[in-house]
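Protein chains get the first letters and strands the later ones, always in sequence-line order, with residue 1 at the start of each. Basis for what follows: all heavy atoms, side chains included, without hydrogens, waters or symmetry-related copies.
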Protein chains: 2
Amino acid sequence: MTDHLKTAARICSIIEQRIASGAYEDGDKLSEMALAEQLKVSRTPLREAFQMLDSIGLVTLIPRRGAFVKRPTMTRLVEMFEVMAELEAWCVRLATKRITAAQRLYLRQAAQDCDAALQAGAPDRYYEANNRLHGMIYEASGNQVLAEETQRMHRRLRPFRRQQLDVSGRLAKSMKEHADILDAMNAGDADRAADLMRLHINTLSSTYDSYLTTLGEHVRDNA
Amino acid sequence: MTDHLKTAARICSIIEQRIASGAYEDGDKLSEMALAEQLKVSRTPLREAFQMLDSIGLVTLIPRRGAFVKRPTMTRLVEMFEVMAELEAWCVRLATKRITAAQRLYLRQAAQDCDAALQAGAPDRYYEANNRLHGMIYEASGNQVLAEETQRMHRRLRPFRRQQLDVSGRLAKSMKEHADILDAMNAGDADRAADLMRLHINTLSSTYDSYLTTLGEHVRDNA
DNA sequence: TCTTTTTATATTGTATACAAAAATCATGGA
DNA sequence: TCCATGATTTTTGTATACAATATAAAAAGA
């Protein structure tokens, strides 16, 4: 293998997308032999991928029985966003108080890169800069464990994210929200920064609404 | 294998304990062949265990190079407790508003079982009932994802927990704190319940101080 | 003697082989 | 016809084999 970037992770991403896109339905059995042949890998790295998927809650591994698709319901997706919003809000609250001068510079740079990518209409660059901006806030929280957990939750939401161009000026709105959050941070207003972040994540979550249609599910009036 | 309870998890626990106890030092290379022979398993389940340990941050997996022990520093352990405290506080805040009648009953039962085990001087039963109590609060939050993440963090802290009998009336103090938290929940005072939970976790964290000595590390005046 | 290049050894990543358990199918009885 | 029991086939869990890379050791050159 010249992949260098391990096969299991690649397989994991593929199956992830299939689950998110609805190619697999909830409860579907993932046959090792069939998938191994289809994806041109042996069972060993495939089983590794299954474990990854299990750890992010997209499949259920039942001993001696196999891997079964666990497609998140809309309710569960909302719950993931609730957790995400709260984690990020906490990060930004801590970061407001603890951020270093260097981190502040990197953060400003990431925000500028977001802006530039938006102007240039380059969604890939926007995506990268946006991740860098959020990741920098996690780090600036000064709590490495919190940063890792938040990053993990971010990663878990990724497959359900619409990777589309800017529809209805959503990205522009995000930019404005970023600016407001950074302003609150610079002003040292941790509570406001946290509240703004919560709103920001909720705004993002609305872009996942399309998931609902592919799900054919009624939203429970919970959460 | 008649284990039924998968070997990888068992291996994972063993290595976990070795790391926590200081049998392995930070940075130690975990040789697959050597460990496989020592633990009487093949490389396959051993590598599974390595991945588990990687996912809970106790080893670093470097491609084509191997698994290396990543022993948490005291700072990191404190960070884990910070996250734990915040997650549990959030759980109890939500639970105060959302708990069902049935869950309230189970919660009360778990608290009584804690008490009974304490009176009987049965640490194993206390341990089980205590886990049940906390787990019930996670569930009662009504956010399944939050509950899972909190449970996960609880699991991660387990190897660093002193599994000792009641020293200096610590368990009795815990009991009182449980009672106060449940009182606040019953009174519908979410903020107070959350604050009390934070204090409760911080009390628990002090019992991990012994880790410091085995670590031979100076606590940074951070966090 | 020290550095660099080449060769040999050891270790990881992946594929395959084998054993045990589960699922499927078939047969037999009520 | 339906259910139960037993044989057959799949499928999973673990061990091993093989290929590719990294580590070490040795040899050559400065």
Value in whole Å for how far the P atom of D/dT11 lies from CZ of A/R47: 14 Å

Any residue meeting side-chain contact (heavy atoms from CB on, under 4.5 Å) with B/T44, in chain and number order, not counting sequence neighbours: B/S42

Separation of atom CD in B/E48 from atom P in C/dG13, rounded to whole Å: 14 Å

CZ on B/R158 to CZ on B/R155, rounded to 0.5 Å: 4.0 Å

Flag, side chain of B/R71 to backbone of B/I19, donor-acceptor distance under 3.5 Å: yes

OP1 or OP2 of D/dA15 under 4.0 Å from side-chain N/O of B/S42: yes

Under-4.0 Å side-chain N/O to phosphate OP1/OP2 contact, B/T7 with D/dT14: yes

OP1 or OP2 of D/dT23 under 4.0 Å from side-chain N/O of B/R65: yes

Atom-to-atom span, CE of B/M33 to P of C/dT9 - whole angstrom: 14 Å

Atom-pair distance (NZ on B/K29; P on C/dA10), nearest Å: 13 Å

Distance-only donor-acceptor check, side chains A/N130 and A/H178, under 3.5 Å: yes

Earlier contact from the 5' end, DNA chain D, for A/T44 and A/G66: A/G66

Please write out each protein N/O paired with an N/O of nucleotides 17-19 of chain C under 3.5 Å, distance rounded to 0.1 Å.
none

Nearest-angstrom distance from the residue atom CD of A/Q51 to P of D/dT12: 14 Å

Spacing between B/F50 atom CZ and C/dT11 atom C1', to the nearest angstrom: 12 Å

side-chain N/O B/K40 vs D/dA15 OP1/OP2, d < 4.0 Å: no

For B/Y138, side chain to side chain donor-acceptor pair (under 3.5 Å) partners two or more places apart: B/E88

Side chain to side chain contact (heavy atoms under 4.5 Å, CB included) assessment of A/R76 paired with B/V145: CA-CA 7 Å; A/R76 191 175 172 85; B/V145 176; 3.9 Å; yes

Euclidean distance, atom CG of residue A/L39 to atom P of C/dA15 [Å, nearest integer]: 11 Å

Pairwise distance OH(B/Y127) to CZ(B/R161) - rounded to 0.5 angstrom: 6.0 Å

Value in whole Å for how far the C1' atom of C/dA23 lies from CD of A/E32: 15 Å

